[in-house]
Amino acid sequence: LLNTSDGVSALRTLGDVGLAKGDDHAIAMAHFLEARDLARRSTSCIDPEVVAGLLTSIGSSLHSSGNAEQALEALAEARRLLHESGSLETAAGAALVQRMGLVRHDS
């Protein structure tokens, strides 16, 4: 089950909930990175929008912890995935581009 979009989404949610509760960024990043690794290794088709959402969470976490350069890399990868899947011009795509602008402004 983990090697599916649902599995990747579940691990992303663990990271997001941890950040919202004020957990250590390292714990949230461990969940995010595990989900990213699963998505990369998976032989099943994982929805690019799910992976883009995960990368957006990674970028947000990195930005919150003061790592703007790596945050922008993760956000750029998410943008690329949304663009390739034809989903960039959606509310999620707009939010992602806005997040990228915020990180650039802060760096």
OG1/Thr90 to CG/Leu88 distance, rounded to the nearest 0.5 angstrom? 7.0 Å
Tell me, do Val50 and Leu54 make a side-chain contact under 4.5 Å, heavy atoms counted? no
Would you kindly confirm whether Leu33 and Leu81 end up in one hydrophobic cluster when ILVMFWY residues are joined by side chain heavy atoms under 4.5 Å apart? yes
At their closest point, which heavy atom of Ser107 faces which heavy atom of Ala68, and how far apart are they? CB-CB, 3.5 Å
Contacts of Asn67 meeting side-chain hydrogen bond (donor to acceptor under 3.5 Å, both in side chains) (sequence neighbours excluded), chain-then-number -> Gln70
I'd like to know whether Met29 forms a side chain to side chain contact (heavy atoms under 4.5 Å, CB included) with Leu62, so could you lay out the CA-CA distance, the side-chain angles of the two residues, the decisive distance to 0.1 Å, and finally the verdict. CA-CA 8 Å; Met29 284 301 297; Leu62 288 167; 4.1 Å; yes
Beyond-backbone contact of Glu77 with Glu73, side-chain heavy atoms, under 4.5 angstrom: no
Arg104: which residues meet the side-chain hydrogen bond (donor to acceptor under 3.5 Å, both in side chains) condition with it, sequence neighbours left out? none
Heavy-atom closest contact (Ala74 atom, Ile58 atom, distance): CB-CG2, 4.0 Å
Output the distance between atom CZ (Arg99) and atom OG1 (Thr56), rounded to the nearest 0.5 Å. 9.0 Å
At their closest point, which heavy atom of Ala71 faces which heavy atom of Val103, and how far apart are they? CB-CG1, 4.2 Å
Check whether any side-chain heavy atom of Leu102 sits under 4.5 Å from a side-chain heavy atom of His63, and report yes or no. yes
Atom pair CZ (Arg79) and CD (Glu84), whose distance is rounded to the nearest 0.5 Å: 10.5 Å
So, Ser5 side chain and Asp47 main chain: donor-acceptor pair closer than 3.5 Å or not? yes
To the nearest 0.5 Å, what is the distance between NE2 (His83) and CG (Leu96)? 13.0 Å
Heavy-atom check, side chain of Val8 versus side chain of Arg12, under 4.5 Å: no
For the atom pair OG (Ser57) and CZ (Arg36), what is the distance rounded to the nearest 0.5 Å? 13.0 Å
Would you say the side chain of Phe32 lies within less than 4.5 Å of the side chain of Asp16, judging by non-hydrogen atoms? yes
